[in-house]
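Since we're looking at a predicted model, the values are computed, not measured.
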Amino acid sequence: MFLKTINKVHASSNPTPGRQLLSLLVALIFVLVIFPGKAHAQVVGGLRVDIPFQFHAGNAKLPPGEYIIHVLDDSDLTVMEISSVDGSTSALFQVQETEANASPAKSELIFNKYGNRYFLARVFDEGNPSGSKVVESRYEKRISQTATPAQEHVPAHHQGQQGS
């Protein structure tokens, strides 16, 4: 009788919430392994770029010059730093992931241009359609309402590589 009761309870019981959660977790891991996400660094390493005009990166205004740009460590890919090669100027700014229509043929920085004002807008690494979009500052939002927009593309290359 005792065995009959145990078999009846086991056969009629629904999966426990713990078992359902475990099954869901296994399924989620399986999906992530088969379809890896896009949450990887958009720019791998640092990019070196020669910017021939004064520009804004986030809330900072920077002079023309040669710069190194990279994702800030431990920022969950949401903060980038741009520093002059001589170390005299640097700025931090927030970014979001963005996608290019096609994989870029070269690494580049894309600037929004309003009149004679340039704002760093996007950063793409060669061959990777995932890039970084700079979060617009209040100043850029204000300027963009009154000026006709244009874009300026500036080629970049990985640190240690010769010119592009």
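- Counting only distance, with no hydrogens or angles, the side chain of S107 and the backbone of E126 share a donor-acceptor pair below 3.5 Å.
- Partners of R117 according to the side-chain contact (heavy atoms from CB on, under 4.5 Å) rule, which considers only residues two or more places apart in sequence or in another chain, are F119, Y139, I143.
- By the side-chain contact (heavy atoms from CB on, under 4.5 Å) test, S88 is found to be paired with S84, D86, residues two or more places apart in sequence or in another chain being considered.
- By the rule that hydrophobic residues join a cluster once side-chain heavy atoms approach within less than 4.5 Å of another member, I82 and V79 end up as members of separate clusters.
- Here the CE-CZ distance, from M80 to F93, works out to 5.5 Å after rounding to the nearest 0.5 Å.
- To the nearest 0.5 angstrom, K106 atom NZ is 9.0 Å from H153 atom NE2.
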Quiz item: Can you check side chain to side chain donor-acceptor pair (under 3.5 Å) on S130 and E99, steps first, answer last?
Solution: CA-CA 5 Å; S130 292; E99 291 287 321; 2.9 Å; yes
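- Taking 4.5 Å as the limit, some side-chain heavy atom of F124 sits within range of a side-chain heavy atom of T98.
- Atom CZ of residue F111 and atom CD1 of residue I51 lie 3.5 Å apart, to the nearest 0.5 angstrom.
- When all heavy atoms of P129 and S103 are compared, the pair lying nearest together is CD-OG, 3.3 Å.
- Inter-residue side-chain proximity for E152 and F53 is flagged as met; some heavy-atom pair is nearer than 4.5 Å.
- A 4.5 Å side-chain heavy-atom check between H56 and S137 finds every atom pair outside the cut-off.
- How far CG of L77 is from CD of E97: 8.0 Å, rounded to the nearest 0.5 Å.
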Exercise. Report the C-alpha separation of V95 and V123 in whole Å, then their side-chain angles, then the decisive distance to 0.1 Å, and conclude whether the side chain to side chain contact (heavy atoms under 4.5 Å, CB included) test is met.
Key: CA-CA 9 Å; V95 294; V123 179; over 6 Å; no
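- Looking at heavy atoms from C-beta onward, Q151 lies in side-chain contact with N112 at the 4.5 angstrom threshold.
- Shown here is E136, whose CD atom has more than 12 heavy atoms of other residues, nucleotides or ligands within 6.0 Å.
- Counting only heavy atoms from C-beta outward, the side chains of L109 and F55 never approach each other to under 4.5 Å.
- H158 NE2 to L47 CG: the interatomic distance, rounded to the nearest 0.5 Å, is 5.0 Å.
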Run the side-chain donor-acceptor check on residues 57-66: report pairs under 3.5 Å with partners two or more places apart or on a different chain.
residue: E66; atom: OE2; partner: R48; partner atom: NE; Å: 2.6
residue: E66; atom: OE2; partner: R48; partner atom: NH2; Å: 3.1

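- Counting heavy atoms from C-beta outward, L92 and E81 have side chains that approach closer than 4.5 Å.
- Looking at heavy atoms from C-beta onward, Y114 lies in side-chain contact with P149 at the 4.5 angstrom threshold.
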